[in-house]
Structures are given as structure tokens and as C-alpha cells.
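The figures that follow rest on heavy atoms only: side chains count, while hydrogens, waters and symmetry mates do not.
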Amino acid sequence: MIVVCRDGALDGPTNMARDRALLDGADRGTPGARVYRWTRPWVSLGTFQSADRDVLPGSGVPTVMRPTGGKAVLHGHDETIGIALPLTLIGADSRSLKIAYRAVIGPIIAAMRACGVPAALAEETSFVRSTGRTADCFAHVSPNDVVDERTGLKVCGCALKLTQHAVLVQASLPNGMPLVDPQQVFARPSVAYSPLWDASGLADALEGSLAELGSVLL
């Protein structure tokens, strides 16, 4: 069974350090997961981004680098998930980003649906969109993104890092309005915001869906 740690609200560097520790453990064969929040608004930047290029000057929102790729995420109003799994656990014989993503996104979607969020992969709906070039993760919907199946609203931003033996997934699940105006943070931000949902059972639901993943593949 994969135990999901309930970490509460922490600052950006601490959250990223704990996710890196999950990946280190998975590299040694031990899966791990955590659900956490942020002490205040933070922007996490993907591996190939930079604060100077991708965040507006004077926003007042501190930034932190993620170990994963992807676009920038404005945190503080979201539930955040970190999952690290050995590739052998998810049946990934090779370092395939697609196989790893599909194996892990399923349990995240199942946990969201258990909490009342009608989440689905965008490719299973009629909603795929882009605002053009943007640094904001939530301003773009690709076929692999997770959306509200009724409205097309992006309800989960997800980024991965693969090593030789493991995968780390970091997922942001917006819950209500951002604590700061995204237009003060990004040049072309998302302007659609998630309604409030009950996240009190998210960690339990994720633990259950990850248990199902393990029982299927082991």
C-alpha cells in the first residue's frame, strides 16, 4: 500500500525539497505520495522556465523551481499532489513519458472524482484549447490535460520528471479563486477559475486509487 502523507501548508522550497525526497525514495524502490498546500501564493516554475522571462516584474509573488517540467503554476489556492513511483510498479519497462503519465494520472482523476470534481482527460471530451504562447499552465489545454468534463475548465495542472528508475508527478488542483490576480503574475494568464470543492477527503481518495493501481500491476 502507498501511504499518502498529509503535509499541510509549507513554503515553496520546503514543498519542492519534499517532492524531490519522494523521487529519491522511488529511485531506491520505495513509492511515496503526499498531498499538501502552500503558506501563501507561490509560483512554481518548470525546469526550463525562468522567473525573469515567465513572471511579470513587481508581482510580489515568490518563485520556486520545480524538479519537473511544464509551465508555471500559481499556487496558494490549490491542493497539490506529489507522487513518486518506481517504473517497475507501473509496468514501464522503458523510460516512456507517455506510459508513466497515463499510469499515474488515472489515480489522480479517480481521487478528484471521488471528491465531486467531474475530472476527465481532455481528449475524452470536446475541449482542447490554447491561448497561444503563455507561461501559465492553466491557460492551455492539451489532449493529455485534465478538465471538467462538463465545461472544459482545466482542473489539474500536471508535470513529470523521469529518472532511470522512477517517475515524479506534481499535480496542482485549483480550489476556488486565486489569492492574487493572475494578471499581475503572467502576461497571458487563464481567466477561468475553479469553483470551490470539498478537498477534505482527497488524501484518502488518492490512497485508495493508488492502492488499486498497485493491486492491478503487482
Peer 1: According to a hydrophobic-cluster definition based on side-chain heavy atoms being under 4.5 Å apart (Ile, Leu, Val, Met, Phe, Trp, Tyr only), do Val43 and Met16 belong together?
Peer 2: no
Peer 1: Do Asp52 and Ser50 have a side chain donor and acceptor closer than 3.5 Å?
Peer 2: no
Peer 1: Can you check whether Leu10's main-chain N or O pairs, donor with acceptor, with Arg37's side chain at less than 3.5 Å?
Peer 2: no
Peer 1: Can you tell me how far apart CG (Leu202) and CD (Glu207) are? Round to the nearest 0.5 Å.
Peer 2: 11.0 Å
Peer 1: How long is the gap from CG on Asp54 to OG1 on Thr134, to the nearest 0.5 Å?
Peer 2: 9.0 Å
Peer 1: Step by step, work out the side-chain contact (heavy atoms from CB on, under 4.5 Å) result for Gln164 and Leu87.
Peer 2: CA-CA 8 Å; Gln164 190 69 31; Leu87 295 182; over 6 Å; no
Peer 1: Quick one: does any side-chain atom of Glu79 pair with a main-chain N or O of Ala199 as donor and acceptor, under 3.5 Å?
Peer 2: no
Peer 1: Looking at Arg20 and Asp27, is there a salt bridge between them, counting it only when a charged N and a carboxylate O are closer than 4.0 Å?
Peer 2: no
Peer 1: Does any N or O in the side chain of Asp78 come within less than 3.5 Å of the main-chain N or O of Gly76, such that one atom is a donor and the other an acceptor?
Peer 2: yes
Peer 1: Taking Ala122's backbone N and O only, do any of them form a donor-acceptor pair with Asp145's side chain (distance below 3.5 Å, no angle check)?
Peer 2: no
Peer 1: State, with a plain yes or no, whether a side-chain heavy atom of Leu173 is found less than 4.5 Å away from one of Trp197.
Peer 2: yes
Peer 1: Nearest heavy-atom pair of Pro31 and Leu89: which atoms, and what distance?
Peer 2: CB-CD2, 4.1 Å
Peer 1: Look up atom OG1 in Thr30 and atom CG in Asp24, then write down how far apart they are to the nearest 0.5 Å.
Peer 2: 11.0 Å
Peer 1: Mark yes or no for whether Ser59, through its side chain, and Val185, through its backbone, hold a donor-acceptor pair below 3.5 Å.
Peer 2: no
Peer 1: What is the distance from atom OG of Ser190 to atom NE2 of His140, rounded to the nearest 0.5 Å?
Peer 2: 12.5 Å
Peer 1: Within the structure provided, determine whether Gln49 and Lys71 are in side-chain contact (heavy-atom separation under 4.5 Å).
Peer 2: yes
Peer 1: For Asp136, is there an ion pair with Arg188 - N to carboxylate O distance below 4.0 angstrom?
Peer 2: no
Peer 1: In terms of hydrophobic clusters joined by side-chain contacts under 4.5 Å, are Val35 and Val104 together?
Peer 2: yes
Peer 1: What closest approach, in Å, do Cys115 and Gly201 show between heavy atoms, and which atom pair accounts for it?
Peer 2: SG-C, 3.9 Å
Peer 1: Could you walk me through whether Lys161 and Arg66 pass the side-chain contact (heavy atoms from CB on, under 4.5 Å) check?
Peer 2: CA-CA 10 Å; Lys161 178 179 176 62; Arg66 293 194 309 270; over 6 Å; no
Peer 1: Provide the closest heavy-atom pair for Pro13 versus Val64 in the form atom of the first, atom of the second, distance.
Peer 2: N-CG2, 3.9 Å
Peer 1: Membership question, hydrophobic clusters at under 4.5 Å side-chain separation (ILVMFWY): are Met177 and Leu196 in the same one?
Peer 2: no
Peer 1: Has Gln184 got a side-chain atom pairing as donor or acceptor with Asp181's backbone, closer than 3.5 angstrom?
Peer 2: no
Peer 1: What distance do Leu121 atom CG and Ile105 atom CD1 have between them, rounded to the nearest 0.5 Å?
Peer 2: 6.5 Å
Peer 1: Identify whether Val61 and Trp38 are in the same connected component of the hydrophobic contact network (ILVMFWY, side-chain heavy atoms under 4.5 Å).
Peer 2: no
Peer 1: When clusters are formed by joining ILVMFWY residues with side-chain heavy atoms under 4.5 Å apart, either directly or through shared neighbours, do Leu45 and Leu168 land in the same one?
Peer 2: no
Peer 1: Below 4.5 Å, heavy atoms only, C-beta onward: do Asn144 and Cys158 meet side chain to side chain?
Peer 2: no
Peer 1: Testing the basics here: between Phe186 and Ala135, what is the closest heavy-atom pair and its distance to 0.1 Å?
Peer 2: CD2-CB, 4.5 Å
Peer 1: Main chain of Met65, side chain of Ser44: is a donor-acceptor contact present, judged purely on distance under 3.5 Å?
Peer 2: no
Peer 1: Looking at Val146 and Ala119, what are the two nearest heavy atoms and their distance?
Peer 2: CG1-CB, 3.6 Å
Peer 1: With respect to Tyr36, which candidate in Thr14, Asp19, Asp7 satisfies the side-chain hydrogen bond (donor to acceptor under 3.5 Å, both in side chains) definition?
Peer 2: Asp19
Peer 1: Walk me through whether Cys156 and Met112 qualify under side-chain contact (heavy atoms from CB on, under 4.5 Å).
Peer 2: CA-CA 9 Å; Cys156 175; Met112 295 177 72; 4.1 Å; yes
Peer 1: Set out, in order, the CA-CA distance, both residues' side-chain angles and the distance that settles side-chain contact (heavy atoms from CB on, under 4.5 Å) for Leu74 and Phe138, then state yes or no.
Peer 2: CA-CA 9 Å; Leu74 176 60; Phe138 285 91; over 6 Å; no
Peer 1: Donor-acceptor check, side chain of Trp42 to backbone of Val73, threshold 3.5 angstrom: yes or no?
Peer 2: no
Peer 1: Hey, is the main chain of Ala21 close enough, under 3.5 Å, to the side chain of Arg18 for a donor-acceptor pair?
Peer 2: no
Peer 1: So which heavy atom on Gly157 is nearest to which on Lys154, and how close?
Peer 2: CA-CE, 4.2 Å
Peer 1: Would you mind reporting whether Ile2 and Ile83 have side-chain heavy atoms less than 4.5 Å apart?
Peer 2: no
Peer 1: So, Thr63 side chain and Ala51 main chain: donor-acceptor pair closer than 3.5 Å or not?
Peer 2: no
Peer 1: Would you give the length of the straight line joining atom CD1 of Ile108 to atom CG of Leu210, rounded to the nearest 0.5 angstrom?
Peer 2: 8.0 Å
